Amino acid sequence: MRQDQDAILVLDFGSQYTQLIARCIRELGVYCEIFPYDADPETIREFSARGIILSGSHASTYESPDMRVTDVVLESGVPLLGICYGMQTLVHQLGGKVENTELREYGHAELHIVAESALTGTSGRSMAVWMSHADRVTALPKGFVVVGETSSCPYAIVADEQRRYFGVQFHPEVTHSSEGQGILSRFAHDICGCGNTWVPASIAETLTESVRIAVGTERVVLALSGGVDSSVLALLLHQAIGNQLTCIFVDTGLLRMNEGDQIMETFSEQMGLDLVRINAADTFFSALKGIADPEHKRKVIGNLFIELFEDEARKIPDAGWLAQGTIYPDVIESAGNRHGKAKVIKSHHNVGGLPADMNLKLLEPLRDLFKDEVRKIGRQMGLPESLIGRHPFPGPGLGVRILGEVRPEFAELLRQADAIYLEELIGNNLYDEISQAFAVFLPVRSVGVVGDNRSYEYVIALRAVETVDFMTANWKHIPHDILGRISNRIINEVPGISRVTYDISGKPPATIEWE
C-alpha cells in the first residue's frame with residue numbers, strides 16, 4: 001500500500017502487540033509496514049525505511065539465540081527503537097547483558113526519567129507504563145546510557161544518542177502507557193524525520209487503485225454481514241469496480257434481532273448494491289448440533305459459510321474473487337500476525353475458516369488496517385455514522401456468544417436479551433461511550449422466583465468495554481441503576497432467563513469476546 005511516503009519498518013519477533021505498534025505509527029500520520037525479523041535482507045534494504053522498530057516477543061534472548069536483529073538492520077544507519085524483547089536482543093547483540101530474573105513485571109509500573117534524551121525529552125519526571133517481561137537488561141553496551149528506570153528495572157529506557165539506538169523495556173504502543181504515543185511520535189517525527197502523509201484520503205485512494213489493478217475485468221463477490229468492516233469494504237469495492245461487485249449475505253440464524261432484514265433494506269434498497277440473501281439458519285443449527293468447543297464451532301461456521309457462499313458464487317458469471325473484511329486484529333489473534341510469529345489466542349471466522357480447496361481467489365483490501373483506520377476510511381467515503389459507529393460483531397455471530405452447544409432456542413433467548421441491553425444503552429446515551437457491548441448466553445440454570453413460583457432458568461452475562469485499539473480494554477462502569485433496569489427488563493421480558501450478571505474483566509487477562 002506504500003506510495004512515496006516516509007515510512008517506518010517494524011520487525012516482528014512475535015509480540016501480540018506487533019500490529020498495534022504499526023497502528024500507533026500510522027495514527028501519527030506515518031506509513032508503516034511489518035516484516036518478520038528474519039525477512040530477506042534485500043527486501044529490508046528495498047523498503048528504505050526512515051527508522052526501524054524491533055517488536056517484543058514471547059521468546060528469550062538466551063533461549064532463542066537465532067531470533068536476532070540481522071546485520072542489514074545494524075548496518076542500515078537509520079534510527080532503531082527496540083521494544084521489550086527488541087530492546088533486549090539489540091543490547092545483547094551489541095555487547096550488553098540480558099538475564100532472567102525472579103522478579104517479573106506484568107502490568108502497570110511507574111517509570112522515572114533520569115536523563116534527557118531525544119526519545120523522551122527532559123528528565124526529572126515520571127510516567128505510567130505497561131510492563132510485560134521476565135528477562136531484563138543487566139549491563140549496557142558501550143555508548144549506551146540509562147534514560148529511565150522503575151523500582152525493579154534499572155534499565156527501563158536506554159539510549160545511544162550518537163548511533164540513534166533506543167530501547168524501552170515496556171510497551172509504549174498500548175494505551176496504558178501514558179506517554180507511549182509521545183515516545184513513538186518523537187521517534188518517528190523528530191528522530192527519523194518522517195512527515196505526516198498517511199491520511200484517510202490517501203489510504204482510500206491507494207486501496208481503490210490496488211483493487212482495480214488486482215481484479216482487472218473479473219467479478220468480485222463479497223460476504224456482506226452489515227458490520228463496519230464489510231460495509232466499508234462494500235462501498236470501497238463499489239467505488240473501485242462498480243457493477244463488477246455482487247454481495248452475498250449468508251443469513252446464518254446467528255445474527256442480532258431483525259438484523260437480516262435491516263441489512264437487506266440498507267444495502268439493497270437504499271444503497272443499490274447487487275445483494276443476494278441466503279436463508280440458512282436451519283443448516284447452521286444442524287451442523288452445530290452437539291458441538292461445544294469454541295474453536296470447533298468457529299471452524300464449522302466458517303467452512304459452512306464458505307461452502308454456501310461458493311455455491312451461490314458459482315451462479316455468478318466470471319466470479320474470480322472472494323472479498324472479505326479481514327482486518328489486523330482478526331489476523332493477530334488467529335495466527336499471531338500475518339507472519340505467524342506470535343502465539344495463537346483464537347481463530348477468527350475471516351482468517352481461520354477457509355477451506356483449502358476454495359475456488360475463488362481471496363481479496364482482503366482491509367487486512368493491514370485497524371478498526372479505527374477502517375472507520376476513518378468509511379467516513380472519508382461518505383458512509384452514514386449509523387453504520388460507521390456500530391460496535392464490532394464477530395464473524396461467527398451469536399455462535400461464539402452462546403457458550404457451549406448452539407441451539408435455536410438459545411439463540412432466540414440471547415437475541416432478545418441483547419436487543420434489550422443495546423436499546424437501554426442507546427436510550428441512556430451510553431452506546432457511543434462504549435467500544436463494544438453485547439450479551440452472552442450461559443448454558444447453566446439458576447434458581448429464581450417468578451411471582452410465587454420457583455423457576456430454574458438460564459443466565460445472561462452482559463459485557464461492555466472501553467478501548468482505543470482492541471488489544472487492551474477496560475470494563476465499562478455503567479451506573480448501577482441502569483444495570484438494574486436492564487437486568488429487570490431481561491428477566492421480565494425474556495421467558496427462560498432467571499439471572500443477569502455483569503462482566504468486570506479487563507483485557508488482558510480476559511479477551512473481549514467470551515469465546
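As the structure is a computational prediction, the values presented were derived from the model and not from experiment.
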Quick one: which of Thr18, Ile34, Ile83, Leu80 gives a side-chain contact (heavy atoms from CB on, under 4.5 Å) with Ile53?
Ile83
Hey, what do you get for CH2 (Trp514) to CZ (Arg463), rounding to the nearest 0.5 Å?
8.0 Å
Among all residues two or more places apart in sequence or in another chain, which pass the salt bridge (charged side-chain N to carboxylate O under 4.0 Å, His left out) test with Glu161?
none
Output all residues satisfying salt bridge (charged side-chain N to carboxylate O under 4.0 Å, His left out) with Glu209, sequence neighbours left out; order by chain, then residue number.
Arg212
Beyond-backbone contact of Ile8 with Tyr31, side-chain heavy atoms, under 4.5 angstrom:
no
Salt bridge (charged side-chain N to carboxylate O under 4.0 Å, His left out) filter on Lys297, not counting sequence neighbours, yields Glu515
Is there any salt bridge (Lys or Arg N to Asp or Glu O under 4.0 Å) pair reaching into residues 381-403, and which pairs are they, with sequence neighbours excluded?
Glu259-Arg390, Arg379-Glu385, Arg401-Glu513
Looking at CD1 of Ile44 and CG of Asp40, how far apart are the two atoms once the value is rounded to the nearest 0.5 Å?
7.5 Å
Could you list the residues that satisfy side chain to side chain donor-acceptor pair (under 3.5 Å) with Ser230, not counting sequence neighbours?
Ser225
Under the 3.5 angstrom rule, does the side chain of Ser55 hit a backbone N or O of Phe13 as a donor-acceptor pair?
yes
Could you tell me which residues satisfy salt bridge (charged side-chain N to carboxylate O under 4.0 Å, His left out) with Asp372, sequence neighbours excluded, listed by chain and number?
Arg23
Checking Asp229 against Lys371 for the salt bridge (charged side-chain N to carboxylate O under 4.0 Å, His left out) test, could you report, in this order, the C-alpha distance in whole Å, the side-chain angles of both residues, the deciding distance, and whether it holds?
CA-CA 8 Å; Asp229 305 328; Lys371 181 71 74 173; 2.9 Å; yes
Not counting sequence neighbours, list each pair that qualifies as a ring pair (Phe, Tyr, Trp, His ring centres under 6.0 Å) and has a residue in residues 144-174.
Tyr17-His171
Sorted by chain and residue number, the side chain to side chain donor-acceptor pair (under 3.5 Å) partners of Ser60 (sequence neighbours excluded) come out as Asp135
Could you tell me whether a side-chain N or O of Ser177 sits under 3.5 Å from a main-chain N or O of Trp130, the two making a donor and an acceptor?
yes
If the condition is ring-ring contact (aromatic ring centres under 6.0 Å, His included), which residues does Trp475 pass it with, not counting sequence neighbours?
His477
Sequence neighbours left out, what passes side chain to side chain donor-acceptor pair (under 3.5 Å) with Thr89? Give chain and number order.
Gln93
Salt bridge (Lys or Arg N to Asp or Glu O under 4.0 Å) partners of residues 167-185, not counting sequence neighbours, each pair once
Arg125-Glu179
If you round to the nearest 0.5 Å, how far is CG of Leu425 from CG of Leu430?
6.0 Å
Gln436 versus Glu466, side-chain donor and acceptor atoms under 3.5 Å:
no
Without hydrogens or angle criteria, can the side chains of Trp198 and Asp6 be said to hold a donor-acceptor pair below 3.5 Å?
no
Can you list everything that forms a side chain to side chain donor-acceptor pair (under 3.5 Å) with Asp160? Sequence neighbours excluded, please.
Arg163
